[in-house]
Amino acid sequence: MKKLHRNIHNWYQHHGRQTLPWRNTDEPYYIYLSEVMLQQTQVKTVYERYYFPFIERFPTLKELGESKLDDVLKMWEGLGYYNRAKNLHKTATLVHELPSDIEELIKLPGIGKNTAHAIAAFAFHQPVPIMEANVKRILCRIYKLKTPTEKELWEYAYRLVDRDNPFDYNQAMMDIGATICLPKNAQCNLCPLESICQGKVDPGLYPMKKKRLVPTREEHIVIHSYNDRLSLSQRSGKFLHGLWGFESMEVPPCAAEYLGEVSHAYTHFKLNCKVYLYYESSPEQIHYFNLDEIRELAISKVDEKILKLLEKTIETL
DNA sequence: CACTCGTGGGG
DNA sequence: TCCCCAAGAGT
């Protein structure tokens with residue numbers, strides 16, 4: 001085991017992504033923020049577009065908690081999974097300093113078991129493993145697991161973790177998963193875990209991937225226009241919560257001008273929208289904005305596409 | 001335990 | 001064009 005840990009550590013010294021900014025800070029808030037941003041999100045996106053602007057706008061947990069949720073959502077715009085922003089803000093209102101205890105961390109909204117362990121290992125150097133996508137795939141291959149339970153995975157993770165250097169070990173595991181133990185075409189000959197890996201003969205078998213069908217939804221979007229201003233409303237459900245958007249209907253509207261079609265792919269369904277423009281003679285909706293004001297609102301990708309279609313239509317008039 | 005919840009990149 | 005997949009959490 002000690003030799004294995006040396007292999008992993010040595011690999012990390014030579015091939016790890018050590019320059020990532022959240023690996024070079026002792027500030028728990030920055031590490032926590034990176035963990036939340038990186039949930040189901042690629043490193044490149046967080047690093048190039050969101051991490052630094054967010055910190056500049058909200059330098060401390062305290063200032064984040066004292067900000068409006070709408071301002072937080074605006075900084076999160078385009079990153080997706082907007083409940084992360086809501087929970088991040090909620091947590092910032094609850095504490096001005098992050099606890100180091102895993103049991104306390106996990107009580108905070110938006111911090112699950114993995115993020116709690118990641119904060120513990122990366123911000124407070126506790127000897128605990130993490131359990132995200134890369135680690136899962138590596139463990140499945142090492143121990144030839146096709147459909148393991150979460151509990152099972154954690155048991156293997158605790159068995160393997162380097163308690164003498166949990167920071168480098170956990171970072172290394174993620175880098176190995178991201179660059180060596182790939183979902184397709186695993187580079188086993190370059191892997192520091194190759195000697196103990198039971199699945200290296202056919203890594204593609206582990207873990208077993210489940211396919212699911214993606215249904216398609218058809219919707220009709222109506223842009224209400226009054227006095228050169230447009231109506232948008234703020235979503236309240238859990239889908240795109242807090243973001244502003246145009247009205248959506250299941251039935252095509254009457255007396256509205258058809259502008260065109262917009263489609264968008266989500267994880268669990270595809271959306272096809274027919275977009276209409278409706279000129280109102282008197283204000284019927286609550287909120288109306290001009291284009292400059294809309295730019296100040298947090299809106300989702302579909303509504304961005306719809307807006308672009310509208311602007312294109314206006315240009316041709 | 002299965003499903004929801006966004007978006008961008010890569011094959 | 002389509003499908004897979006990313007530093008997962010909440011229900």
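What you see below is based on every heavy atom in this structure, not just the backbone, and it leaves out hydrogens, waters and symmetry mates. Naming: A, B, ... by sequence-line order, numbering from 1 per chain.
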* **Side-chain N,O (A:T45) to OP1/OP2 (B:dT7) below 4.0 Å** => no

* Asked: Got a sec: does the OH of A:Y47 have more than 12 other heavy atoms crowding it under 6.0 Å?
  -> no

* Asked: Does C:dA6 have OP1 or OP2 sitting under 4.0 Å from an N or O in the side chain of A:Q40?
  -> no

* To do: Tell me what A:W22 touches on the nucleic acid: a base, only sugar-phosphate, or nothing, going by heavy atoms under 4.0 Å.
  => base

* Structure fact -> Looking only at B:dT7, B:dT4, C:dG8, the nucleotide nearest the A:Q39 side chain is C:dG8

* **Rounded interatomic separation in angstrom, taking NZ from A:K44 and C1' from B:dG10** => 11 Å

* Asked: Are any of A:R49's side-chain N or O atoms less than 4.0 Å away from OP1 or OP2 of B:dT7?
  -> no

* To do: Tell me whether the OP1 or OP2 atom of B:dT7 has a side-chain N or O from A:H264 closer than 4.0 Å.
  => yes

* To do: Return the 5'-most residue of the pair A:N87, A:Q42 with respect to DNA chain C, ranking by each residue's nearest nucleotide.
  => A:Q42

* **Among C:dG8, C:dA7, B:dC5, the one nearest A:A133 by side-chain distance** => C:dG8

* Nearest-nucleotide pick for A:Y266, side chain only, options being B:dT7, C:dA7, C:dA6 -> B:dT7

* Which whole number of Å gives the distance between the C1' atom of C:dA6 and that of B:dC5? -> 14 Å

* Does the ring center of A:H125 lie less than 6.0 Å from the ring center of A:F167? -> yes

* **Spacing of A:I138 atom CD1 relative to C:dA6 atom P, expressed in whole Å** => 11 Å

* Hey, does A:S34 reach any base, or is it just sugar-phosphate, or nothing, if we go heavy atoms under 4.0 Å? -> nothing

* **Residue A:T115, side-chain heavy atoms: nucleotide from B:dG8, B:dT7, C:dA9 that is nearest** => C:dA9

* Determine, using ring centers only, whether A:W154 and A:H117 are less than 6.0 Å apart. => yes

* Provide the distance between the two P atoms, one in B:dG6 and one in C:dT11, to the nearest whole Å. => 14 Å

* To the side chain of A:T149, which of B:dC1, C:dA7, B:dC5 is closest? -> B:dC1

* Asked: A:H241 has an atom NE2; how far is it from atom C1' of B:dC5, in whole Å?
  -> 13 Å

* For C:dC4 versus B:dC3, give the span between their P atoms, rounded off to a whole number of Å. => 15 Å

* Test for a donor-acceptor pair under 3.5 Å between the base of B:dT4 and the side chain of A:T267, counting only N and O atoms. => no

* **Charged tip of A:R217 within 45° of A:Y266 ring normal and under 6.0 Å** => no

* Does the side chain of A:K301 come under 3.5 Å of the side chain of A:H264 through a donor N or O and an acceptor N or O? -> no

* Looking across every strand, which nucleic acid part, if any, lies under 4.0 Å from A:K86 by heavy atom: base, sugar-phosphate, or nothing? -> nothing

* Using a cut-off of 4.0 Å on non-hydrogen atoms, how would the nucleic acid contact of A:V43 be classed: base, sugar-phosphate, or nothing? -> base

* **Length of the CD-P vector between A:E150 and C:dG10, whole Å** => 14 Å

* **Inter-nucleotide P distance (B:dG11, C:dA7), Å rounded** => 15 Å

* Could you tell me whether the phosphate oxygens of C:dA6, OP1 or OP2, come under 4.0 Å of any side-chain nitrogen or oxygen in A:Y81? => no

* To do: Identify which nucleotide among B:dG8, C:dA7, C:dC5 has an atom closest to any side-chain atom of A:P183, counting heavy atoms from C-beta outward.
  => C:dC5

* Please say whether more than 12 non-hydrogen atoms of neighbouring residues, nucleotides or ligands are located less than 6.0 Å from CG in A:D26. => no

* Structure fact -> When rounded to whole Å, the CZ to C1' distance for the pair A:F269 and B:dT7 reads 13 Å

* To do: Please state whether the phosphate of C:dG8, meaning OP1 or OP2, lies under 4.0 angstrom from any side-chain nitrogen or oxygen of A:N114.
  => no

* Asked: Is there a donor on the side chain of A:T41 or the base of B:dG6 sitting less than 3.5 Å from an acceptor on the other?
  -> yes

* Asked: Mapping A:I111 and A:F122 onto DNA chain C by nearest heavy atom, which one lands closer to the 5' end?
  -> A:F122

* **same_hphob_cluster(A:Y258, A:L277) at 4.5 Å side-chain heavy-atom cutoff** => no

* What integer distance in Å separates A:I130:CD1 from C:dA6:C1'? -> 14 Å

* **Length of the line joining A:R212:CZ and B:dC3:P, which is rounded to integer Å** => 6 Å

* Minimum-distance nucleotide to A:K238 side chain [options: B:dT4, C:dC4, C:dG8] -> B:dT4

* Among B:dT4, C:dG8, B:dG6, the one nearest A:E132 by side-chain distance -> C:dG8

* Interatomic distance, A:E35 CD vs C:dG8 P [rounded to whole Å] -> 9 Å

